[in-house]
Amino acid sequence: MCGIVGYTGSHEAQALLMDGLRRLEYRGYDSAGVAVQSAEEPVQVEKQLGKLAELRAALEARPLGGTAGIGHTRWATHGRPSQANAHPHTGGGERFAIVHNGIIENYRALRHELESAGVAFQSETDSEVLAHLIARAYQGDLARAVRQALKQAEGSYAVAAICADEPGVIAGARHGSPLVLGRAPHGFFLGSDVLAFIGETSEACYLNDGDSFRMDAAGCEILRADGTSVVPEFHTVTVSAEQAEKEGHPHFMLKEIHQQPDVIRHLLAAYVADEQDAIDFPDIRGLEDRLDGIQRVVFVACGTAWHAAMVGKYLLEQWSGLPVSVELASEFRYRHTVLDGSVLVVAVSQSGETADTLEAARKAAQAGAALLAIVNVPGSTLDREAHGAIRLLAGPEIGVASTKAYTAQIVAITLFALYMGRRRGALSAEQLAEWIRALDALPGQVERALSDKAQIEAVAAEPICRTASHAMFIGRGYNYPSALEGALKLKEISYIHVEGYAAGEMKHGPIALVTDHIPVVAIAVQDEGVYGKTRSNIEELRARGGVILAIGTEGDTSLKEIAQAFIGIPACPAELSPVLVAIPLQLFAYYVACMLGHDVDQPRNLAKSVTVE
Ligand code: AGP
């Protein structure tokens, strides 16, 4: 997720653009840039790798004068963080500059077509194709050129462009990524959200998907997808800057829970070439030639990332036939481990800065193992040090309790397990295609699971959930890690003592804890595997007065009958069910913690990234 800002009016643009980019920093940055126009210098670009301070320093050394411009903070999707990959991108002999937020899914084909026509690319990004398409389509009307160019692009975009031949004009469009216009006494703004200009005006006009726009110092115009021109209606926004960052949600955690369908869509769009039913990871080239020699896989991670790796273990073993182990990084780094070039170590980390995971990864690489990072923050230490990376593309995760990163980690690892299964010939092309179809259905199923939030909130409001001092989560198979993750989610934001167990372990001790005031969350989705066994475990708990909150497959009336509360998830292959089970687990923890009045986004004693040992 990137941040876009634009301004045209009577004031100097640079300062307004930089203030807007500062307010958009929460959208993530691994690089940032601006393009400013003046009568003398129609398109001046400055962009820097790293935080906004780098760009600010460059502009202090070389200020860009002018009263119109666009700016961008980048959250890398295609192409590692670098100055060349930073926006704005230019085209048409540097006469055009564009900024983009989203993913151009068919960029490879477009780039190939443009390069065949002699266009020289400066970056590895998908976005740069837009600069060249707009330059190629330009016939004296920038807004029209933008619309023409976007007809060739597939995917999601919020894009803004300037050109040397039309000083002071900004044109752009949105489809799938947000874009909002602002009106101030001295000019007009655009931004990824109102934060981009909240310091100058609270008069905003949100664009709809399919809308394109043109603005200059005198005014702005919107063109609907059907070509009709409309005068923008500006409304006063009352959200505070902080609320705007949460896009109307009370907490970042709830916002990020709701981002999960789109996060999964972005992952599938980035790594699955639907037309060939093929999976490809552009950033693993550094270790791709070692994969066929791998004889063992070791996951290293901490916390929620470790739970995602646990799900990955089941899938990678099942689909690739490789032996897989999952290690707590804080233990692995001090053990006398046996590693060599036949081992693939997969370090899983949202932040890419967790000290234990970094040291475990470094130990593996020093021992000669191939090192793959599954990481969310582009340009993070782990992202840079690994031999290859699969990025989560989930955008910044602000809430300390990990949610969208967890399900993104599972989906990324699922794709990698399918990729390895196909590469090793353990999966046929038909089997792979079937799994890709099942994954394509996942975002919609997650949306359906999210639509159940009122029921989940009602369950969380039950006195036994709010007043419990202890609680248990149990699950089996692919959802044993779900039980561990559900316990951690509730524990870290409600401060209730919660344990997660493999359901089969209950009889080996933990069942001694069961009473009628300890809620037990039992995960039992219908599958041909362990469902019956888990049901038996539930019956054993009930026989001892256990209070059961069952999470199962919607429509499973027999499970519903033996539980005090039941939350159903859409039917899906058991292998993919941890992603759907995560939704009620996350929402349950969220609502209990809210009812207890805790700081959900910044729970006590915790930090978002544990960069110390
Ligand atoms: C999970 O909700 C916690 N925030 C924590 O367990 C986290 O998953 C762990 O610290 C690992 O962080 P990482 O993914 O950034 O490495």
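Everything numeric here is computed off the predicted structure, so don't read it as measured data. In listed order, ligands and their atoms are each counted from 1.
- Scanning both residues, Leu490 and Ser494, for their nearest heavy atoms gives O-OG, 2.6 Å.
- The cationic group of Lys489 does not satisfy the cation-pi geometry with Phe588, failing either the under 6.0 Å distance to the six-membered ring centre or the 45° limit from the ring axis.
- Listed by number with element, the atoms of ligand 1 under 4.0 angstrom from any heavy atom of Gly303 are 6 (O).
- Judged purely by atom type and a 3.5 angstrom limit, His470 has no side-chain atom pairing as donor or acceptor with the backbone of Val498.
- Between Asp383 and Val377, the closest heavy-atom pair is CB-O, 3.9 Å.
- Of all heavy-atom pairs between Val581 and Ser482, the closest is CG1-CB, 3.9 Å.
- For atom 15 (O) of ligand 1, the closest non-hydrogen atom of the protein is Ser351 OG, 2.7 Å.
- The pair Glu457-Lys453 fails the salt-bridge criterion, with no side-chain N (NZ, NE, NH1 or NH2) lying under 4.0 Å from an Asp/Glu carboxylate O.
- The part of Lys489 lying near ligand 1 is the side chain, judged by heavy-atom distances below 4.0 Å.
- Of the protein's non-hydrogen atoms, Gln350 N, 2.7 Å is the one closest to atom 14 (O) of ligand 1.
- Around atom 12 (O) of ligand 1, the closest heavy atom drawn from Ile374, Val348, Thr354 belongs to Thr354.
- The closest protein non-hydrogen atom to atom 4 (N) of ligand 1 is Val400 O, 2.7 Å.
- The Ser402 neighbourhood of ligand 1 comprises atoms 1 (C), 2 (O), with distances under 4.0 Å to a heavy atom of that residue.
- Judged by distance alone, with hydrogens and angles left aside, the side-chain atoms of Ser192 form a donor-acceptor pair with the main-chain N or O of Ile4 at under 3.5 Å.
- Counting only heavy atoms of the protein, atom 9 (C) of ligand 1 lies nearest to Cys302 O, 3.9 Å.
- Nearest protein heavy-atom contact of atom 10 (O) of ligand 1 is Val610 CG2, 3.9 Å.
- Of all protein heavy atoms, the one closest to atom 2 (O) of ligand 1 is Glu492 OE2, 2.5 Å.
- Residue contacts with ligand 1 for Thr304 involve both N, CA, C or O and side-chain atoms from C-beta outward (heavy atoms, distance under 4.0 Å).
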